[in-house]
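Report on one structure; see the data block that follows.
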Protein chains: 2
Amino acid sequence: MTSCLHCKRRSEIFESLSEEELERVDMCRVSMHYNAGEIIFKQGSPCYDFVCVTSGLVKLYIEGENDRRLIIGFAKPVDYIFVPGAYVDKRHHFSAVACEETSACLVEADIIQNMVRTNQNFANSFIRKISTQAIGLFEQIASLTHKQIPGRMADTLIYLSGKVYSSNPFSTNLTRQDLADISGMTKESAIRVLKTFKEDDLIRIDGNLIEIINLPMLETISRNG
Amino acid sequence: MTSCLHCKRRSEIFESLSEEELERVDMCRVSMHYNAGEIIFKQGSPCYDFVCVTSGLVKLYIEGENDRRLIIGFAKPVDYIFVPGAYVDKRHHFSAVACEETSACLVEADIIQNMVRTNQNFANSFIRKISTQAIGLFEQIASLTHKQIPGRMADTLIYLSGKVYSSNPFSTNLTRQDLADISGMTKESAIRVLKTFKEDDLIRIDGNLIEIINLPMLETISRNG
DNA sequence: ACATTTGATTGACTTATATCACCCTTGCCG
DNA sequence: CGGCAAGGGTGATATAAGTCAATCAAATGT
């Protein structure tokens, strides 16, 4: 249990904090461990804490009416989860669930918000982070509304390999349902496209391992919708 | 051409600026006028300016691949348009077009970003604004992906009456194509749902005037997808 | 006054995708 | 060991929604 001061796995946003500020963060920090499938916070619940993922992987999703879900992103080491409700209505607007064994540090939201007020550089990193997230949302919303199933699944695979796991092949324990929830389709449709992708030698799937073997073609499919 | 100092139509975010700061904003301010349909800025172009709408109405939309569009929001008096690219890649990630005769003040983005750095209250309002926009995007993304046409159009009508025009009935010169672009459907589908809504006495349309006459029922349709 | 464009509307048709029902495998637990 | 739950996979079918094509009305330009 190191202090934030010497933490090797701390989010880059904390670089702009002084030692004194880091200590203040450290003082009200709680280190947590979650098993795969455990809820970190749930949509609609009040938000007290700022969550920083130190190991594992967390999926962030919106729960719709008729128990449909849409995964809007992932938080991996070392990301903090930006909770827009913290500045608006003190409620969570999406849920966070551990996809695998996950550790996270929780810090009181007030402390962080206070530092955003007093430390300009911190505020700037913070805004940059939110902006990046907003841009990601634009891309996802465009993909989901303008493309059909093959294009959406291509986007999902490229996103996972490029942004989430940063490797190819990548080992994942996301279920087909999860892949479907990222791509805005049903589990069955996800299974079917993946099958055609395999048949066309665009990807290879072996258990938890997914490999993109024809990225250019996948990108073409993404572009054509 | 009043100065920002005594401007009656200035965005609430400027409340947190000092007189001296307001004067600095005023000095590099350009007042612009746009006719209906004119582009204020286009997706992909570099972003130099911070845009604040003082009269009229502006639609913000993402341009997808095969010239499909998705309207992600509106800017009305007195909103400023948050441009996430300003903090990331200095590019616009959506386009802005005047829906009607529109006036706007342009301020150099650098000046604003500088004030975000130096004025804590300004930074805080700024973050609150971004957060609110992000929450709105979540709602839209959930509506678009989880609901079918009647639910989506119900959401659109409720949104326009409640958030954009803040009146019922409301007079609009959005085209059917625009309504479709908000709701993520084709023009033809938009026309057809609106027809069924009219037949079921949920709404009344007379030229540019749209009236919601059975809001509870529309809300039910929205909830059931 | 006529021609041209733009948006609204409708109907017929096609297709993408969800739904449903079912089976298979694997791992886990009593 | 046997049964059960969870995830993966498949086929048949239904249907929501897009596409295409044509018409009509209003607005605009010449």
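Just so we're on the same page: letters track the sequence lines, and every chain starts at 1. Note: hydrogens, waters and symmetry copies are ignored here, and every other heavy atom, side chains too, is used.
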Output a table of donor-acceptor pairs, distance under 3.5 Å, between side-chain atoms of residues 136-144 of chain B and any protein atom two or more places apart or on a different chain; print 'none' if there are none.
{"unit_1": "B/Q140", "atom_1": "NE2", "unit_2": "B/I71", "atom_2": "O", "d": "2.9"}
{"unit_1": "B/S143", "atom_1": "OG", "unit_2": "B/D155", "atom_2": "OD2", "d": "2.6"}

N/O donor-acceptor pairs under 3.5 Å from side chains in residues 187-201 of chain B, not counting sequence neighbours:
{"unit_1": "B/S189", "atom_1": "OG", "unit_2": "B/T186", "atom_2": "OG1", "d": "3.1"}
{"unit_1": "B/T196", "atom_1": "OG1", "unit_2": "B/V193", "atom_2": "O", "d": "2.7"}

Output a table of donor-acceptor pairs, distance under 3.5 Å, between side-chain atoms of residues 86-97 of chain B and any protein atom two or more places apart or on a different chain; print 'none' if there are none.
{"unit_1": "B/D89", "atom_1": "OD1", "unit_2": "B/R91", "atom_2": "N", "d": "3.2"}
{"unit_1": "B/D89", "atom_1": "OD1", "unit_2": "B/H93", "atom_2": "NE2", "d": "3.0"}
{"unit_1": "B/D89", "atom_1": "OD2", "unit_2": "B/H93", "atom_2": "NE2", "d": "2.9"}
{"unit_1": "B/K90", "atom_1": "NZ", "unit_2": "B/Q113", "atom_2": "OE1", "d": "3.3"}
{"unit_1": "B/S95", "atom_1": "OG", "unit_2": "B/Q43", "atom_2": "N", "d": "2.8"}
{"unit_1": "B/S95", "atom_1": "OG", "unit_2": "B/E63", "atom_2": "OE2", "d": "2.8"}

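With sequence neighbours excluded, the residues satisfying salt bridge (Lys or Arg N to Asp or Glu O under 4.0 Å) with B/R204 are B/E211. With sequence neighbours left out, the salt bridge (Lys or Arg N to Asp or Glu O under 4.0 Å) criterion links A/D178 to A/K59, A/R69. In this structure A/D110 satisfies the salt bridge (Lys or Arg N to Asp or Glu O under 4.0 Å) test with no other residue, sequence neighbours excluded. Residues passing the salt bridge (Lys or Arg N to Asp or Glu O under 4.0 Å) test with B/E38: none are found, sequence neighbours excluded.
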Start with the C-alpha gap between B/F14 and B/Y80, add the side-chain angles, then the distance that decides, and say whether ring pair (Phe, Tyr, Trp, His ring centres under 6.0 Å) holds.
-> CA-CA 10 Å; B/F14 292 116; B/Y80 64 93; 7.2 Å; no
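For the side-chain contact (heavy atoms from CB on, under 4.5 Å) criterion with A/C52, the lone passing option out of A/D79, A/V78, A/I112 is A/V78.
For DNA chain C, the span of nucleotides reached by chain A at under 4.0 Å from its heavy atoms goes, 5' to 3', from C/dA16 to C/dC20.
More than 12 heavy atoms of other residues, nucleotides or ligands shown are found within 6.0 angstrom of CD on B/E101. Atom CG of A/D206 has 12 or fewer neighbouring heavy atoms from other residues, nucleotides or ligands inside a 6.0 Å radius.
Taking the C1' atoms of five terminal pairs at each end of the helix from C/dA1-D/dT30 to C/dG30-D/dC1, the two resulting helix axes are inclined by 30°, rounded to 10°.
Sorted by first and then second residue, the salt bridge (Lys or Arg N to Asp or Glu O under 4.0 Å) pairs with a member in residues 45-57 of chain B form an empty list; sequence neighbours excluded.
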With the sugar-phosphate defined as primed atoms, P, OP1 and OP2, and the base as all remaining atoms, what B/S/- string results for nucleotides 23-30 of chain D, 5' to 3', for protein heavy atoms under 4.0 Å?
-> --------
Protein-proximity profile, nucleotides 8-18 of chain D, B/S/- by nucleotide at the 4.0 Å heavy-atom cutoff, equals SBBBB---SSS
